[in-house]
K.L.:
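Before I ask anything, let me first share the structure, which is written out below as structure tokens.
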Amino acid sequence: MATADRPRPRTRRQTRPKDPLDRLGRDLLVRIMAEITRDAVLSLDRDGRITSWNQGAQALLGWAAEEVLGRHFEFLLPEELKRSGEVERLLEETESHGFLRDRETVRVTKDGRTVHVALTRLHQLDANGKPLGATAILRDISTRKGLEEELVRARTLAAIGEAAARIAHEIRNPLTGIHNAITLLKAEFGPAHARAPIFEEIQHEIRRVDVVLDDLLTFARHRPLSRQRLDLVRMLEKVVANLLAAGELEGVVVRRYIPDEVVVEADPSMLEDSLYNLVQNAGHALRGRSDALITLALKPGPKGVAITVTDNGPGITADLRRKIFDPFFTTKSHGTGLGLPITRKHIEAHGGRLRVRSAPGKRTTFEILLPPAVGASV
Ligand SMILES: Nc1ncnc2c1ncn2[C@@H]1O[C@H](COP(=O)(O)OP(=O)(O)OP(=O)(O)O)[C@@H](O)[C@H]1O
Ligand SMILES: [Mg+2]
């Protein structure tokens, strides 16, 4: 039997390495590992202060080694995690088991982002078995976490959509009945009757409910694309004219950076609804401002056509940005919160993308990217 295969005597396994070279070898191993791995590897002393910080740690968390060496590692944890006693928990668990493996948690980057990581932590002892500190390895699992969250979100949205479609369907029949009954009453009393304006008012409100039901069904149902060649410039002008006529752009200057003609192959009603909602939202964001400005731009290019709607309104904070595409999220007293979810659905049905950029307090830009498959020719 080769020496390496022979079972080691029990006593040897139970004694801790006395030879300082063993420790040196172990340190060297950690350092080599830290150099070659893409994961973040950091060493901590007994008090939790950072003593080494590899390239992976810089890439994942943003700080350079000289900015973090000597600092307690708790600045890498979000406040709420610290408040929940995570630092103490980590120390306790690493000490009692000797290590922690693939604990899913979060850390904060230099620019304030939260990243999902799998944390492995090893308790380090010196030659006499006294605690030296710990080595922590952080693996970036943000992509997987993002996909998981996306999946849960997609399932939730599908469930909401289904429930909403059923409710919309149930409401629509009695609503049609009420509308017909009012029409009969109106005819019976005649337009000169003192009660005629009340009938008008009821019908107006019924139409509003009907628009919401329409939105709900558009959001929930799948409708195949009906592509046609259309001129985007004319469509955009029609949308602006309709919004002006509806009083939605009062006091707003509309600036255009658009070529004479941009032809695409797209579903006209889906695209028109999308443009209408984006320009309408921009108009709403500008209500009451004296310097209200909407800038519309169409840029055909090799990657497709980019349509941008920019307003110099209050902007959208990072917190709000996470919610505005959720169905029924609205900050308006008369909003349904379906405009953006429907717009995104329409654009994605074309294989395109809807993006938002915003500098709170300054401006917001919504950008539709229609891919070349839709065909752009100027
Ligand atoms: N240009 C913008 N500037 C600031 N906030 C915006 C802008 N566009 C959208 N938002 C925010 O996003 C929210 C959701 O927009 P969305 O179009 O989905 O719904 P809505 O406009 O509230 O209602 P509706 O269903 O009638 O469109 C808005 O209520 C608003 O808070
Ligand atoms: Mg809207």
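Numbers for residues simply follow the sequence, beginning at 1. Just so you know, ligand 1 is whichever comes first in the structure, and atom 1 is the first atom listed for that ligand.
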K.L.:
Asp215 to ligand 1: N or O pair under 3.5 Å?
P.N.:
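No, since none of the N or O atoms of Asp215 sits under 3.5 Å from an N or O of ligand 1.
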K.L.:
Are any of the side-chain heavy atoms of Glu201 and Phe199 separated by less than 4.5 Å?
P.N.:
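A side-chain contact is absent here, since even the closest heavy-atom pair is not under 4.5 Å.
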K.L.:
At what distance is the nearest protein heavy atom to atom 17 (O) of ligand 1, and which residue and atom is it?
P.N.:
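Checked against all protein heavy atoms, atom 17 (O) of ligand 1 sits closest to Asn281 ND2, 2.8 Å.
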K.L.:
Quick one: which of Leu225, Ile347, Ile342 gives a side chain to side chain contact (heavy atoms under 4.5 Å, CB included) with Met270?
P.N.:
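Looking at Leu225, Ile347, Ile342, the match for Met270 under the side chain to side chain contact (heavy atoms under 4.5 Å, CB included) is Leu225.
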K.L.:
Carefully, step by step, assess Arg357 and Glu367 under the rule salt bridge (charged side-chain N to carboxylate O under 4.0 Å, His left out).
P.N.:
CA-CA 8 Å; Arg357 292 188 294 274; Glu367 180 180 49; 3.6 Å; yes
K.L.:
Taking atom 30 (C) of ligand 1 as the point of reference, which of Leu320, Thr331, Asp311 owns the nearest heavy atom?
P.N.:
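When every heavy atom of Leu320, Thr331, Asp311 is considered, Thr331 comes closest to atom 30 (C) of ligand 1.
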K.L.:
Could you check whether Ser274 and Thr343, counting side-chain N and O atoms only, form a donor-acceptor pair closer than 3.5 Å?
P.N.:
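Looking only at side-chain atoms, Ser274 and Thr343 do not form any donor-acceptor pair under 3.5 Å.
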K.L.:
I'd like to check Leu296 versus Val279 (side-chain heavy atoms, cut-off strictly below 4.5 Å). Are they in contact?
P.N.:
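SC-SC contact between Leu296 and Val279 confirmed.
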K.L.:
Does Arg195 qualify as a cation-pi partner of Phe189, given the criterion of NZ or CZ under 6.0 Å from the six-membered ring centre and within 45 degrees of its axis?
P.N.:
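No, Arg195 does not lie over the aromatic ring of Phe189.
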K.L.:
Can you tell me which portion of Phe366 lies within the under-4.0 Å heavy-atom range of ligand 1? Options are side chain, backbone, both, or neither.
P.N.:
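Contact part for Phe366 vs ligand 1: side chain (C-beta onward).
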K.L.:
Should His334 be counted as touching ligand 1, given the test is an N or O pair under 3.5 Å?
P.N.:
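It does not: no N or O of His334 is found under 3.5 Å from an N or O of ligand 1.
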K.L.:
Just to be sure I understand the site: which N, O or S atoms from the protein are less than 2.8 Å away from the Mg ion (ligand 2)?
P.N.:
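Within the sphere that stays under 2.8 Å of the Mg ion (ligand 2), the protein atoms of type N, O or S are Asn277 OD1, Asn281 OD1.
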K.L.:
Rounded to the nearest 0.5 Å, how far apart are CG of Asp273 and OG1 of Thr218?
P.N.:
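Answer for the CG-OG1 pair, Asp273 versus Thr218, is 7.0 Å.
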K.L.:
For the residue pair Arg71 and Phe75, would you count it as a cation-pi contact if the rule is NZ or CZ under 6.0 angstrom from the ring centre and within 45 degrees of the ring axis?
P.N.:
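Pair Arg71/Phe75 counts as cation-pi.
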K.L.:
Can you tell me the protein heavy atom closest to atom 6 (C) of ligand 1 and the distance?
P.N.:
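Nearest neighbour among protein heavy atoms for atom 6 (C) of ligand 1, to 0.1 Å: Ile316 CD1, 3.6 Å.
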K.L.:
At their closest point, which heavy atom of Leu100 faces which heavy atom of Leu90, and how far apart are they?
P.N.:
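Closest approach of Leu100 to Leu90, heavy atoms only: CD1-CD2, 3.5 Å.
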K.L.:
Looking only at distances, please establish whether an N/O atom of ligand 1 is found under 3.5 Å from an N/O atom of Gly337.
P.N.:
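N/O-N/O distance under 3.5 Å: yes.
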K.L.:
Using distance alone, determine whether Gly335 and ligand 1 share an N or O pair under 3.5 Å.
P.N.:
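Checking ligand 1 against Gly335, no N or O pair falls under 3.5 Å apart.
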K.L.:
Measure from the side-chain N and O atoms of His123 to the backbone N and O of Pro131, and report whether any donor-acceptor pair falls under 3.5 Å.
P.N.:
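Checking the backbone N and O of Pro131 against the side chain of His123, no donor-acceptor pair under 3.5 Å is found.
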K.L.:
Identify the closest protein heavy atom to atom 14 (C) of ligand 1: which residue and atom is it, and at what distance?
P.N.:
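Its nearest protein heavy-atom neighbour is Phe329 O, 3.4 Å.
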K.L.:
Of the choices Thr336, Asn277, Leu340, Ile294, which has the non-hydrogen atom that lies closest to atom 15 (O) of ligand 1?
P.N.:
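It is Leu340 whose heavy atom sits nearest to atom 15 (O) of ligand 1.
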K.L.:
What I want to check is whether the side chains of Arg121 and Thr94 have a donor and an acceptor closer together than 3.5 Å.
P.N.:
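There is such a pair (donor and acceptor under 3.5 Å, judged by atom type) between the side chains of Arg121 and Thr94.
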